[in-house]
Enquirer: 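Let me begin by handing over the structure; questions about it come next.
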Amino acid sequence: MAVQSVEADASITNSLPVDLGPATALSCRECGERFELGPIFACSSCFGPLEVAYELPLGDAEGLRKQIEAGPDNIWRYAPLLPVPADVATKPSLNPGFTKLVKADNLARELGVTGGLYVKDDSGNPTHSFKDRVVAIAVEAARAFGFTTLSCSSTGNLAGAVGAAAARAGFRSCVFIPHDLEQGKVVMASVYGGDLVGIEGNYDDVNRFCSELIGDPLGEGWGFVNVNLRPYYGEGSKTLAYEICEQLGWEIPDQLVIPIASGSQLTKIDKGLKELIALGLVEDKPYKIFGAQAEGCSPVSTAFKAGHDVVRPQKPNTIAKSLAIGNPADGPYVLDIARRTGGAVEDVNDEQVVESIKLLAETEGIFAETAGGVTVGVTKKLIEAGLLDPALTTVVLNTGDGLKTLEAVAPTTGQSAVIRPNLDSFREAGLA
């Protein structure tokens with residue numbers, strides 16, 4: 001199979017100090033300057049974010065497709081397209097990915113979608129959120145760079161994913177969260193035996209603390225999956241794009257609705273779609289990407305509606321705590337993608353989030369966490385506004401399990417009745 005560079009640059013040579021498969025360098029998203037693969041995340045020239053550049057296997061789409069389809073039923077089937085060594089599937093890992101793409105006909109009828117509606121249900125991952133994907137890639141970078149401790153700043157799901165992956169791979173873990181997270185996420189993040197540290201403040205305060213720790217001797221040997229390992233970590237979200245297209249018979253859906261926290265997931269799904277097109281694995285066709293936020297933390301949605309290119313930070317105040325990042329690092333890039341593809345960024349309030357969690361559960365048997373409620377709610381709102389075409393194929397992402405955010409729906413759900421253990425009591429309850 002011929003190998004060419006998707007981002008050809010004669011000034012970069014592939015003198016890899018580590019084995020991260022097809023990854024050749026880190027490239028600045030702003031100025032394009034290249035750097036050797038390493039635990040860095042910002043350009044030293046313009047301070048722009050870095051992302052992984054590759055030599056991808058161009059020229060034999062059919063051979064690559066067969067190789068992928070013969071691979072394991074997890075993200076490692078896409079190892080030739082990820083910054084991981086070729087033997088990654090043999091290493092201790094939670095092996096996330098290849099979660100269900102549910103054809104949501106019942107939900108489609110409720111929303112008036114006629115072109116085919118699918119829910120990519122990532123609650124089926126090992127720690128029940130999409131974060132297992134990104135952490136799995138970051139673990140391989142941590143191995144390559146000789147880190148001994150895995151860490152992160154987290155709104156909850158990432159903390160659990162890091163704790164579990166570290167336990168499986170043999171790393172120590174120490175993760176940082178806002179002190180007032182949902183109890184389900186706190187328990188899940190701490191059960192794996194690592195250190196879980198609550199910080200007084202919101203996620204942005206936690207993230208600032210972690211950035212300080214990286215520059216201190218106390219942080220020596222620590223790999224922060226979403227800070228100094230962020231370029232590699234972000235690549236895990238591309239596997240959502242790969243899986244969706246493969247599960248649709250190697251076709252790109254017409255429309256995708258994706259929740260926004262930092263914005264990295266949305267930008268990397270777009271990157272994954274473009275790579276599939278460049279590789280010839282899917283037909284090049286227009287697609288629209290829509291972003292979903294909670295009204296109580298909607299800096300990207302606010303900027304999109306105002307026609308701004310700058311995303312102004314907000315102080316989060318929403319039940320959708322997994323999306324409660326008031327200063328999203330990838331916000332400006334989300335705006336670019338939504339506008340380039342003809343999509344939009346929209347938000348819903350907390351009441352609509354709860355209604356949408358219930359709607360998805362009642363129609364498809366999928367119990368989503370609050371982020372899934374945001375995405376379904378935004379999908380409904382986009383259809384009603386005429387921004388999302390119900391006659392086109394649409395994929396909606398559910399990124400986590402509702403058991404982690406029981407507090408959101410507990411006040412309005414529960415037992416239908418409490419009866420005595422006899423038939424007369426059941427009849428009296430009016431449920432027969």
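This is a predicted model, so every value here is computed, not measured. Computed from heavy atoms alone, side chains included, the values below leave out hydrogens, waters and symmetry copies.
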Enquirer: If we ignore angles and hydrogens, is there a donor and acceptor under 3.5 Å between the side chains of Asn125 and Asp122?
Expert: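 Yes, Asp122 and Asn125 have a side-chain donor paired with an acceptor closer than 3.5 Å.
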Enquirer: Applying side chain to side chain donor-acceptor pair (under 3.5 Å), run through Ser301 and Gln293 and close with a yes or a no.
Expert: CA-CA 7 Å; Ser301 174; Gln293 292 203 290; 5.2 Å; no
Enquirer: Are the charged groups of Asp205 and Arg208 less than 4.0 angstrom apart, N to O?
Expert: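 Arg208 and Asp205: salt-bridged.
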Enquirer: Can you run down the side chain to side chain donor-acceptor pair (under 3.5 Å) pairs that involve residues 364-375, sequence neighbours left out, and say none if there aren't any?
Expert: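 For residues 364-375: Asn157-Glu369, Lys185-Glu369, Ser322-Glu369.
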Enquirer: Do Phe209 and Phe176 make the cut of ring centroids closer than 6.0 angstrom?
Expert: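 Yes - the distance between ring centres of Phe209 and Phe176 falls below the 6.0 Å cut-off.
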Enquirer: One thing to verify: whether Arg77 and Glu69 come together as a salt bridge, which I'm taking to mean a side-chain N less than 4.0 angstrom from a carboxylate O.
Expert: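 Salt bridge between Glu69 and Arg77, a charged N being under 4.0 Å from a carboxylate O: no.
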Enquirer: Does anything in residues 277-295 pair up under salt bridge (Lys or Arg N to Asp or Glu O under 4.0 Å), and if so which pairs, sequence neighbours excluded?
Expert: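 Found Asp254-Lys285.
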Enquirer: Evaluate side chain to side chain donor-acceptor pair (under 3.5 Å) for Thr399 paired with Arg133, printing each intermediate quantity in order.
Expert: CA-CA 11 Å; Thr399 53; Arg133 298 174 181 272; over 6 Å; no
Enquirer: Any side-chain donor paired with an acceptor under 3.5 Å for Ser27 and Glu33?
Expert: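 No pair is found: no donor N or O on one side chain lies under 3.5 Å from an acceptor on the other.
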Enquirer: Salt bridge or not for Asp60 and Lys66, using N-O below 4.0 Å?
Expert: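 Here Asp60 does not pair with Lys66 in a salt bridge, since their nearest N and O are not under 4.0 Å apart.
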Enquirer: Less than 3.5 Å apart, any donor N or O on the side chain of Tyr287 or Asp270 sitting next to an acceptor on the other?
Expert: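 Judged by distance alone, the side chains do pair up.
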Enquirer: Counting heavy atoms not belonging to Lys315, are there more than 12 under 6.0 Å from its NZ?
Expert: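 Count not over threshold, so no.
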Enquirer: For the pair Lys120 and Glu243, find out whether any cationic side-chain nitrogen is under 4.0 Å from an anionic carboxylate oxygen.
Expert: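 Looking at Lys120 and Glu243, the cut-off is met.
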Enquirer: Looking only at side-chain N and O atoms, does Asn106 offer a donor or acceptor that is under 3.5 Å from a partner on Thr363?
Expert: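 Result is no, nothing qualifies.
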Enquirer: Does the pair Arg230/Glu51 count as a salt bridge with the N-to-O cut at 4.0 Å?
Expert: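 Here Arg230 does not pair with Glu51 in a salt bridge, since their nearest N and O are not under 4.0 Å apart.
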Enquirer: We want to know whether Thr99 and Asp121 form a side-chain donor-acceptor pair, criterion being a heavy-atom distance below 3.5 angstrom.
Expert: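 Looking only at side-chain atoms, Asp121 and Thr99 do not form any donor-acceptor pair under 3.5 Å.
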Enquirer: Residues two or more places apart in sequence or in another chain: which of them pass ring-ring contact (aromatic ring centres under 6.0 Å, His included) with Tyr203?
Expert: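 Not a single residue meets the ring-ring contact (aromatic ring centres under 6.0 Å, His included) criterion with Tyr203.
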Enquirer: Pairs in or reaching into residues 59-84: which pass ring pair (Phe, Tyr, Trp, His ring centres under 6.0 Å), with residues at least two apart or in two chains?
Expert: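 Non-adjacent pairs meeting ring pair (Phe, Tyr, Trp, His ring centres under 6.0 Å): Tyr78-Tyr242.
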Enquirer: Check the side chains of Ser173 and Asp195 for a donor-acceptor pair under 3.5 angstrom, ignoring hydrogens and angles.
Expert: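 The answer is no; no qualifying pair exists.
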Enquirer: By side-chain hydrogen bond (donor to acceptor under 3.5 Å, both in side chains), which residues pair with Thr267, not counting sequence neighbours?
Expert: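 In terms of side-chain hydrogen bond (donor to acceptor under 3.5 Å, both in side chains), with neighbours along the sequence ignored, Thr267 is linked to Asp330.
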Enquirer: Applying side chain to side chain donor-acceptor pair (under 3.5 Å) as the test, list every pair that has at least one member in residues 141-150; sequence neighbours left out.
Expert: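 Listed once each, the pairs are Glu140-Arg143.
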Enquirer: Are Phe145 and Tyr232 close enough that their ring centres sit under 6.0 Å apart?
Expert: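 Here the rings of Tyr232 and Phe145 have centres that are less than 6.0 Å from each other.
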Enquirer: Quick one: does Lys321's side chain get under 4.5 Å of Pro316's, heavy atoms only?
Expert: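 They are not in side-chain contact.
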Enquirer: Can you find a side-chain donor-acceptor pair between Asp350 and Thr318 that sits under 3.5 Å?
Expert: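 Yes, side-chain donor-acceptor contact under 3.5 Å.
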Enquirer: Report yes or no: do Lys131 and Tyr233 form a side-chain donor-acceptor pair below 3.5 Å?
Expert: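 Side-chain D/A pair, Lys131 to Tyr233: present.
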Enquirer: With no hydrogens and no angle check, do the side chains of Gln352 and Lys380 hold a donor and an acceptor under 3.5 Å apart?
Expert: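 There is no such pair between these side chains.
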